[in-house]
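Just below is one structure, and these are the notes that go with it.
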There are 2 protein chains.
Amino acid sequence: MRRIAESTVRRLSLYLSFLEEIEARGVPTTSSEDLARLGGTTSAQVRKDLSFFGSFGKRGLGYSVPELSARLRRILGLGRQWRVCIIGAGKIGAALARYAGFTERGFIVSAVYDSDPSKIGSRWGNVKVRDEASLERDIEAGDYQIAVLAVPADSAQNLADRVVRAGIKGILNFAPVQLTVPNDVALRAVNMAMELEALTFAITNKVD
Amino acid sequence: MRRIAESTVRRLSLYLSFLEEIEARGVPTTSSEDLARLGGTTSAQVRKDLSFFGSFGKRGLGYSVPELSARLRRILGLGRQWRVCIIGAGKIGAALARYAGFTERGFIVSAVYDSDPSKIGSRWGNVKVRDEASLERDIEAGDYQIAVLAVPADSAQNLADRVVRAGIKGILNFAPVQLTVPNDVALRAVNMAMELEALTFAITNKVD
DNA sequence: ACATGTGAACTGCTTCACAGCG
DNA sequence: CGCTGTGAAGCAGTTCACATGT
């Protein structure tokens, strides 16, 4: 497949969330204009984004909401269940383990890994805290395709290396460091410091 | 000031984190080449990014680490203290309230707001849980410049409207909805669903 | 008539390549 | 000589505008 821009993928996610919202309200069809308004973009942008993957609309009519949302789910890889583990049973790991958003989107979080013996073995709702030492074994057994890294900055690269070697397919990194992974492993990062600094930059250099 | 690309600001944050790291190790100078290697970009990109704000290096020598990091801190608006409140004392709000990363970067989190009477009045470390009803009063009194929204999707826009009316300067949104704010208010969003879907898209449409 | 799908034009970010200066 | 700083070139993402199909 032709290379798709990061920004396009993010907008597809957005469109999907709007579609799910209006689908729940029973609205049968929508248009590129509607989606653009909800997503703060233009109708041409919406049509261009979709056009990379096929033509899903009817000229003169718009898009079938259930059909388009199904297509987007498939495009985004949401047609299947994804098993996720969280690494690091600290504050962020704990919040993520209990975050309902994962399940709602079909992501199954069944375990958190930590090396602290006082945490190992406990249960947080449906999620159990397991020994970090068994991480490789569990990934190799196919228990997870995605790892969420919620560990301190100085151990993040080491853990990333370990899960990559064990065959993980994607990593979502919450540690405030730039990770290096082979480019057949998908990597995304959520960096609080970066977001806050983007805010303070914008506030400080107000243009409007 | 000329408009600066989002991507440039994010890279400046990255450069700063590298500079702080090597500054702590006592390295006196660095080069665009060094910063590029650490940040996964090119030396030309680094120089171009910096050039929007002045010329901080010495030809033939590179950059003074303490000087460049000080300049970047100033550019990013980190030369002052920022007061931050967290809105929503749920799982995410709790994790954020305890997150050390804020303080390390000079962000002062002194309160979490919630409307649940059973939570109001309690203390989490240095952070107290306050009544959401007093949010406007406190913002108007100048207690916070930045609000972090950690509330359910369906109340996020309403709370954003309230803090904007009270005069907040920036919002970091963790709720999975697209917020609308006047464009003199800085807005950033962290959307877990979007990050996960970017991962599953990449895994599903593996190109390499 | 109406909204999609898409080449073409445009805008803006990135990369190149070299002049400038320590 | 080495590395920065920067116009110019190249490339990627967005917007335009209209032909196309219902």
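Below, chain A is the first sequence line, B the second, and so on; all start at residue 1. These numbers come from the heavy atoms of this one structure, side chains and all, not from hydrogens, waters or symmetry mates.
- Remark: Arg59(B) in residues 58-78 of chain B come within less than 4.0 Å of DNA chain C through at least one heavy atom.
- Every residue meeting the side-chain contact (heavy atoms from CB on, under 4.5 Å) condition with Leu72(B), not counting sequence neighbours, appears here in chain and number order: Leu12(B), Tyr15(B), Leu16(B), Leu19(B), Leu50(B), Leu68(B), Ile75(B).
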Intermediate values then yes/no, side-chain contact (heavy atoms from CB on, under 4.5 Å), Asp34(B) and Ile22(B): CA-CA 11 Å; Asp34(B) 288 346; Ile22(B) 62 180; over 6 Å; no
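- On the nucleic acid side, DNA chain D has its first and last nucleotide under 4.0 Å of a heavy atom of chain B at dG2(D) to dA8(D), going 5' to 3'.
- Atom CG of Leu199(B) and atom CZ of Phe107(A) lie 7.5 Å apart (nearest 0.5 Å).
- Around CZ of Arg10(B), the count of heavy atoms belonging to other residues, nucleotides or ligands within 6.0 Å does not exceed 12.
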Only pairs under 3.5 Å count here: list side-chain donor-acceptor contacts from residues 142-156 of chain B, not counting sequence neighbours, and write none if there are none.
unit_1	atom_1	unit_2	atom_2	d
Tyr144(B)	OH	Tyr113(B)	OH	2.7
Gln145(B)	OE1	Arg80(B)	NH2	3.3
Gln145(B)	OE1	Arg83(B)	N	2.9
Ser155(B)	OG	Pro152(B)	O	3.4

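- Pairs of residues two or more places apart, or lying in two chains, that qualify as salt bridge (charged side-chain N to carboxylate O under 4.0 Å, His left out) and include a residue from residues 90-113 of chain A are Glu20(A)-Arg105(A), Arg105(A)-Glu197(B).
- Taking CD of Glu67(A) as the start and CD of Glu23(A) as the end, the distance is 11.5 Å to the nearest 0.5 Å.
- Checked against side-chain hydrogen bond (donor to acceptor under 3.5 Å, both in side chains), Asp161(A) has the following partners two or more places apart in sequence or in another chain: Gln157(A).
- The two residues Pro176(B) and Asn191(B) come nearest to each other via the heavy atoms CA-ND2, 4.0 Å.
- Here the shortest heavy-atom pairing between Ala97(A) and Trp124(A) reads CB-CE3, 3.8 Å.
- Contacts between residues 46-57 of chain B and DNA chain D, defined by a heavy-atom separation under 4.0 Å, are made by Arg47(B), Lys48(B), Ser51(B), Ser55(B), Phe56(B), Gly57(B).
- Partners of Asn126(B) by side-chain hydrogen bond (donor to acceptor under 3.5 Å, both in side chains), not counting sequence neighbours: none found.
- Between Val46(B) and Ser32(B), the shortest heavy-atom distance links the atoms CG2-O, 3.8 Å.
- Contacts with DNA chain D (heavy atom under 4.0 Å) in residues 5-13 of chain A: Ala5(A), Ser7(A), Arg11(A), listed by number.
- Between Ala44(B) and Ile4(A), the residue anchored nearer the 5' end of DNA chain D, judged by the nucleotide with its closest heavy atom, is Ala44(B).
- Arg11(A) is linked by a salt bridge (Lys or Arg N to Asp or Glu O under 4.0 Å) to Asp49(A), counting only residues two or more places apart in sequence or in another chain.
- Non-hydrogen atoms lying under 4.0 Å from DNA chain C are contributed by Ser31(A), Ser32(A), all within residues 21-33 of chain A.
- Other residues, nucleotides and ligands contribute more than 12 heavy atoms inside 6.0 Å of the NZ atom of Lys128(A).
- Evaluation of the salt bridge (Lys or Arg N to Asp or Glu O under 4.0 Å) rule for Asp138(A) yields Arg130(A) as partners, not counting sequence neighbours.
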